[in-house]
Amino acid sequence: MTTASPYGSTGGSPGGFARKSETAHSLRPMTIHQLIQASQAHTDADWVLDDQEIGQVTIVAYIVSVQAQATNSQYMLDDGSGRIEARHWTDSSMEDESEKNGIVEGAYVRVLGSLKTFGNKKYINTNLIRRIASPAEIYFHLLEAMTVTMIWERGPPPRPGQEATPRQNGAGPSTAYSAQPTAASSDQFSHLPQLHRAIISFIQSQPSSAEGIHVGAIARAVGGNAVTISDALDKLTDDGIVYSTADESHFALIE
């Protein structure tokens, strides 16, 4: 239904505002359980899941019930991981064709929209809702949601010929904080804040690649939230220490 990568990127300014705006307008496949687990720092803040900002979301679910009103239709959705309400606003001057399009109780649908809250109750403010044409789309969505989540947790999978980040004692990938600093990071960059040195050390520890290191892998390795990592990369870019490579989500050291 959409070909935009939830956490890929398009061209634009290397600044933090550009990356934040990109996330806000990106599309992430999710499960209802993930939506329920998302949180806000305050009512006007972005939704966050596992320290990552959430923009537009898409889910695939079963319609449990439909409540049609004059200005909107409310759908109770269940995908096996939880339940959430979706609200689809309609133009009162136009005929409601949802039933004609198969958007009825018992149907599987794909919903695209943004997460909202009213009275401490989360719901999806939908931009699009359509009936699922094939059962394969249900399974594809679950696999896509898991893939995106794992990329945020562990970084992108290694490219052909590139070694995966080693794990230590089965406890997960080593981080730039726990790794021994290289001579360059301990001397040349000793004046930088700890987070900046950690980012540099992690990039140095990875196999050299023209594509650079994905920001998701950096975030998972050094810790911190998306805004903190984005600001740190902005400063390192402004200082001429790192640069964006293939796109705004990949970085490498300037040698």
Nearest atoms (heavy-atom pairs only) where [X] meets [Y]:
X	Y	value
K122	W47	CE-CZ3, 3.6 Å
I241	L192	CD1-CD1, 3.8 Å
I32	A61	CD1-CB, 4.2 Å
I199	A232	CD1-CB, 3.7 Å
S114	Q56	CB-NE2, 3.7 Å
M30	Q34	CA-OE1, 3.3 Å

Does the side-chain contact (heavy atoms from CB on, under 4.5 Å) test come out yes or no for V111 and L77, once each step is laid out? CA-CA 10 Å; V111 173; L77 305 176; 3.7 Å; yes
Within 6.0 angstrom of K235 NZ, more than 12 heavy atoms from elsewhere: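 Check fails, neighbour count at 12 or below.
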With sequence neighbours left out, write down each residue that passes side chain to side chain contact (heavy atoms under 4.5 Å, CB included) with I138, or none if nothing qualifies. V60, Y108, I132
Tell me, please, which residues at least two apart from S73 pass side chain to side chain contact (heavy atoms under 4.5 Å, CB included). A68, Y75, D96
For the residue pair R28 and T149, confirm or rule out a side-chain donor-acceptor distance under 3.5 Å. yes
With no hydrogens and no angle check, do the side chains of H250 and T245 hold a donor and an acceptor under 3.5 Å apart? no
Return yes if some donor-acceptor pair links the side-chain N/O of [X] with the main-chain N/O of [Y] below 3.5 Å, else return no.
X	Y	value
T237	Y243	no
S201	A198	no
D50	Q52	no

Y123: which residues meet the ring-ring contact (aromatic ring centres under 6.0 Å, His included) condition with it, sequence neighbours left out? none
Rounded at 0.5 Å granularity, tell me how far [atom1] in [X] sits from [atom2] in [Y].
X	Y	atom1	atom2	answer
E105	M76	CD	CE	11.5 Å
D234	I229	CG	CD1	11.5 Å
F251	I218	CZ	CD1	7.0 Å

Apply side-chain contact (heavy atoms from CB on, under 4.5 Å) to residues R83 and V64 and explain how you reach the verdict. CA-CA 9 Å; R83 288 191 176 189; V64 178; 3.7 Å; yes
Could you list who else is in M150's hydrophobic cluster, with ILVMFWY side chains joined at under 4.5 Å, directly or through other members?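 Its cluster mates, by chain and number: none.
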Remaining members of V104's ILVMFWY cluster at a side-chain heavy-atom cut-off under 4.5 Å?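 In the cluster with V104 there is nothing else; it is isolated.
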Checking side-chain contact (heavy atoms from CB on, under 4.5 Å) against I124, which of T58, I129, L112, L35 comes through? L35
So W89 and N72, side-chain contact (heavy atoms from CB on, under 4.5 Å) or not? Walk me through it. CA-CA 4 Å; W89 300 89; N72 68 85; 3.3 Å; yes
The criterion is side-chain hydrogen bond (donor to acceptor under 3.5 Å, both in side chains); which residues satisfy it with R131, sequence neighbours excluded?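 Expected list: none.
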